[in-house]
Amino acid sequence: MNDNKILQPTTIIIFGATGDLAKRKLFPAFYNLYIDGRMPKGFNIVALGRSENTDEHFKSYIKENLENFSRKKITSQDWAGFQAHITYFQHQLDQESSYEKLQQKLNSLDEIYGMRGNRLFYLSIGPNFVATISNHIKNSSLASDPQKDRIIIEKPFGHDKQSAIELNGLLAETFEEEQIYRIDHYLGKETVQNILAFRFGNSIFEPLWDYKYIESVQITVAEEVGVETRGSFYEQTGALRDMIQNHLLQILCMIAMEPPVSLEAGEIRDRKVDVLKSIRRISPDKVDHYAVRGQYGKGTVNGVEVKGYRQEEGIAPNSNTETFAAVKFYLDNERWQGVPFYVRTGKKMKEKHSYITIQFKPLPHSTFSDSQQHLSANRLIINIQPLMDIRLQFMTKKPGLSLVLKPVEMIFDNFACQEDTPEAYETLLLDALMGDLTLFMRSDQVEEAWDVVKTIQEAWENNKDIFFPNYEAGTWGPKDSFTLVERQGHTWV
């Protein structure tokens, strides 16, 4: 959502700068923005870490990671310019004196800018540290200017609705809502952003975007990988919290929202909240009818035998954590009445593939209804990753002397237009630097999203599934997930 706005001098303070997210995503994103000339003319990255370290050693560590994870090639000239903006700062999260020293550091950088610079605090740390850091920032007056100071918080934002409300309240004691950037990297993906342009920039699609023409909507985020080194974290999370409550519901909002009056951040976020409020809440006695959970056992992925979830490092041998979740949602509003929205996500599935499928209703009467020819459904497929394209599937005549129909696709391929596409974190970090909240979640969005899954979450926590594991690694999930869509004559695409 960014443009060429001139950015004010900014100090970026990264809590957890030695962690996995920082090395894989944050520093590569800032480096690529720097190469593209999108960083402020005056900027500094203050990297906070608990252990003693030198600037030289830390910069060497960052350069090594950039060579592995940066979208753009590392050159000596570009690196020399970028590394001059990085400072390592030893910091203890729970010590007031550390924040006082940090304030002195930030004041010294402001003197270099010749003005009070903007401050962007990035909390690349576990959610259990958010309250501690927020309180210390408040006590030390590190973010005393609501117009200049911002904070970015990674998911999970709470672990249920009540904890999200409490966290929102705690952050509100230090920051105004307009200063809080709750980041969901899926909203920074190029194809997801393209949904707005595709829907509201074309007169041929928006008139068809309702229950009169659309039969169903599917959103799938499938992963080949398992929990890898995140076993202990995932045990406390599961697929419902990790993916559906945030990523998939945010994508659903992009698909289902009403046309915004403008592209102003508040207007777009208002429309998303409207969608979340309209999602029909699932009563506790209906959870098994509308939601399916699964856990992978041993199997084969890409020809390699892999172990089951309960054999992964850090996983309890009788774990009841779901690695797969599928839910059927309905929206109780005029546009989407009666249209099922199917969402599913899982680990150790057959392939890595994230996509949205809009399936249109069949014609009420077809010229070819009495023939022997099969008419495939008209579908619009929006591929998020690893493909990045939009495909429209429709029927046409097969070349030849006979009138034989066949399904074809028209494809907009993002890679064909621009091979070197900015990554999601580049988009979102630039928006945060510019003060654009459009792609970030507001407090009421977060709370409504938790409310949507509340009864499912409670039912799964209180009732163990005695059939776990219930799908083999390398497949498309448990059989019950297919039944979920087949009850209404649909199939997973």
Side-chain angles (χ1 to χ4, degrees), residues 186 216 218-248 251 287-329 340-357 359 381 383-387 453 456-457 459-493:
Y186 257 72
S216 65
Q218 295 182 18
I219 303 171
T220 293
V221 176
E223 300 178 276
E224 286 182 339
V225 298
V227 294
E228 298 181 301
T229 60
R230 300 169 68 233
S232 57
F233 164 79
Y234 202 83
E235 271 287 81
Q236 307 301 318
T237 310
L240 185 72
R241 288 175 176 169
D242 189 41
M243 296 296 294
I244 290 182
Q245 184 273 334
N246 42 75
H247 298 328
L248 275 72
I251 294 173
V287 168
D288 288 344
H289 182 79
Y290 288 97
V292 173
R293 55 180 162 169
Q295 186 188 91
Y296 66 83
K298 63 181 182 179
T300 303
V301 179
N302 290 328
V304 179
E305 291 187 7
V306 297
K307 53 191 173 183
Y309 177 74
R310 293 181 177 182
Q311 288 76 53
E312 302 276 14
E313 183 180 351
I315 306 302
N318 60 346
S319 171
N320 197 56
T321 301
E322 79 281 356
T323 62
F324 175 97
V327 186
K328 176 171 64 176
F329 292 118
F341 282 72
Y342 302 108
V343 303
R344 66 171 172 171
T345 183
K347 291 189 173 295
K348 278 288 192 335
M349 298 185 74
K350 190 170 184 177
E351 62 182 40
K352 177 181 180 179
H353 197 175
S354 299
Y355 57 99
I356 305 157
T357 302
Q359 181 156 321
I381 299 177
N383 284 306
I384 300 171
Q385 66 178 20
L387 299 175
V453 302
I456 305 173
Q457 183 181 351
W460 288 358
E461 287 177 351
N462 297 330
N463 300 283
K464 290 190 173 183
D465 192 311
I466 61 174
F467 299 106
F468 277 1
N470 61 356
Y471 72 96
E472 290 184 12
T475 66
W476 281 110
K479 292 181 180 179
D480 285 350
S481 71
F482 295 91
T483 304
L484 180 72
V485 298
E486 289 168 356
R487 281 199 298 264
Q488 290 179 255
H490 301 141
T491 58
W492 289 110
V493 177

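The residues of the chain are indexed from 1 along the displayed sequence.
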If you measure from CG on L248 to CZ on F329, what distance do you get to the nearest 0.5 Å? 9.0 Å

Can you find a heavy atom in the side chain of [X] that is under 4.5 Å from one in the side chain of [Y]?
X    : Y    : answer
E351 : E224 : yes
Y342 : S216 : yes
Y309 : Y234 : yes
K352 : V225 : no
R230 : D242 : yes
W460 : V287 : yes
Q488 : K328 : yes
I384 : I251 : yes

Check: [X] side chain, [Y] main-chain N or O, donor-acceptor pair, under 3.5 Å:
X    : Y    : value
T357 : Q218 : no
W492 : S481 : yes
Q359 : H490 : no
E322 : A239 : yes
N320 : E461 : no
E235 : T321 : no
N383 : Y355 : no
R241 : Q236 : yes

Looking at [X], I want to see if its [atom1] is surrounded by more than 12 non-hydrogen atoms of other residues, nucleotides or ligands under 6.0 Å.
X    : atom1 : answer
D465 : CG    : yes
E472 : CD    : no
F233 : CZ    : yes

Could you report the tightest heavy-atom contact between [X] and [Y], atom names first, then the distance?
X    : Y    : result
A325 : L240 : CB-N, 4.3 Å
R293 : P478 : O-CG, 4.0 Å
T323 : Q295 : OG1-CA, 3.3 Å
S319 : I315 : CB-CG2, 3.8 Å
T300 : V306 : N-CG2, 4.5 Å
V221 : S354 : CG1-OG, 3.4 Å

My understanding is that only residues two or more places apart in sequence, or in another chain, count here; which of them pass salt bridge (Lys or Arg N to Asp or Glu O under 4.0 Å) with E312?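 E312 satisfies salt bridge (Lys or Arg N to Asp or Glu O under 4.0 Å) with K348 only.
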
My understanding is that only residues two or more places apart in sequence, or in another chain, count here; which of them pass salt bridge (Lys or Arg N to Asp or Glu O under 4.0 Å) with R310?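 Checked R310 against salt bridge (Lys or Arg N to Asp or Glu O under 4.0 Å); zero matches.
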
Name the residue from K347, K350, R344 that meets the salt bridge (Lys or Arg N to Asp or Glu O under 4.0 Å) definition with E223.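 Going through K347, K350, R344 one by one, the salt bridge (Lys or Arg N to Asp or Glu O under 4.0 Å) with E223 is satisfied by K347 alone.
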
